[in-house]
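Written below as structure tokens is the structure these notes are about.
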Amino acid sequence: MKKKDDVIISISTYKHENLHFAVGYSNNRKIVRIALPQKSLEEAVYEISKYHPKYHLSNENNNIAQKISSMYFGENLDFDLNLLELDLGESFPERSTLKTSFERKVILEVAKIPYGCVLTYKEIAKSINSHAYRSVGTAIGKNPFPIVIPCHRVIRSDGKVGGFGGGTPMKVEMLENEGIKINKSLKISDSK
DNA sequence: GATTGACGCCGAG
DNA sequence: CTCGGCGTCAATC
């Protein structure tokens, strides 16, 4: 009997401006994880393979990886969320980082934030009827689909950009690529 | 239970 | 403005 966790995923990559993007797919063609851009191909692939050790590299679907890189660099593109395997808890019980309903609620709420806009961790918590601001941050930190699920658009209530898995500088860069102004003390400068 | 957070709020310097 | 300190609650051990 085949364990679900043994599925072999395929990883496709795309390079732009010396940054390597990687996307992992399950055998049903859904995206199981997106890697933030890395300086080398090996690092980009590792960001996927550390959650899904059984994989092969593929050149199929790297148009998607290319699209994701365009979004990273600030293009305002629509992305079909149906391409994402949001049900990771079921499909990949061991590797999942979206196990609980709380985490899924948070991620789905973040998915609604439009291009060029930001919300605070507190606002996300409020919209899912919770006061667990810190837990919202922790859940967003596990986002398997960065860039597409715009976790970089969630900031602190004091106006600072806050933490980010790929480092605060990357978060700043992504926000600036969307036209959001950020001053030297890492605060969003009001764009009115 | 105890510890740990990509947080929030307030008060003291 | 920076820093503690405490509040808060989901996840993890």
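Below, read A as the first sequence line, B as the second, and so on, with proteins coming before strands; counting in each chain starts at 1. Below, all heavy atoms of this structure are taken into account, side chains as well, without hydrogens, waters or symmetry copies.
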Side chain proximity check, A:Phe145 to A:Ile31, heavy atoms < 4.5 angstrom: yes
Within a strict 4.5 Å, meaning less than it, do heavy atoms of the A:His56 and A:Ile8 side chains meet? yes
Here the distance between atom P of B:dA6 and atom CD1 of A:Ile188, to the nearest Å, is 19 Å
Show which side-chain atoms of residues 149-177 of chain A pair as donor or acceptor with protein atoms under 3.5 Å away, not counting sequence neighbours.
unit_1   : atom_1 : unit_2   : atom_2 : d
A:His152 : NE2    : A:Glu178 : OE2    : 2.8
A:Arg153 : NE     : A:Glu178 : OE1    : 2.9
A:Arg153 : NE     : A:Glu178 : OE2    : 3.1
A:Arg153 : NH1    : A:Ile113 : O      : 2.9
A:Arg153 : NH2    : A:Glu178 : OE2    : 2.9
A:Arg156 : NE     : A:Asp158 : OD1    : 3.4
A:Arg156 : NH2    : A:Asp158 : OD2    : 2.6
A:Asp158 : OD1    : A:Lys160 : N      : 3.0
A:Lys171 : NZ     : A:Tyr121 : OH     : 3.2
A:Lys171 : NZ     : A:Val154 : O      : 2.7
A:Lys171 : NZ     : A:Val161 : O      : 2.7
A:Lys171 : NZ     : A:Gly163 : O      : 2.9
A:Glu173 : OE1    : A:Tyr72  : OH     : 3.4
A:Asn177 : ND2    : A:Tyr72  : O      : 3.1
A:Asn177 : ND2    : A:Glu173 : O      : 3.4

Short of 4.0 Å, heavy atom to strand atom, which residues of residues 150-163 of chain A count as contacting DNA chain B? A:Cys151, A:Arg156, A:Ser157, A:Gly163
Are any non-hydrogen side-chain atoms of A:Glu42 and A:Glu47 less than 4.5 angstrom apart? no
Within the structure provided, determine whether A:Leu77 and A:Lys67 are in side-chain contact (heavy-atom separation under 4.5 Å). yes
Counting primed atoms, P, OP1 and OP2 as sugar-phosphate and everything else as base, the B/S/- map of nucleotides 7-13 of chain C against protein heavy atoms under 4.0 Å is BBBBSS-
Could you check whether any side-chain N or O of A:Ser189 sits under 3.5 Å from a backbone N or O of A:Lys181, counting only pairs where one atom can act as donor and the other as acceptor? yes
Are the side chains of A:Tyr14 and A:Val23 in touch, meaning some heavy atoms are under 4.5 Å apart? no
Go through the steps for A:Gln66 and A:Ser69 under the test side-chain hydrogen bond (donor to acceptor under 3.5 Å, both in side chains), then give the verdict. CA-CA 5 Å; A:Gln66 177 175 10; A:Ser69 88; over 6 Å; no
Can you sort out the partners of A:Thr100 under side-chain hydrogen bond (donor to acceptor under 3.5 Å, both in side chains), two or more places apart, ordered by chain and number? none
Watson-Crick or G-U pairs under 3.5 Å in DNA chain B, rendered as dot-bracket with [ ] for crossing pairs and | for another strand: |||||.|||||||
Can you name the residues that form a ring-ring contact (aromatic ring centres under 6.0 Å, His included) with A:His16, not counting sequence neighbours? A:Phe73
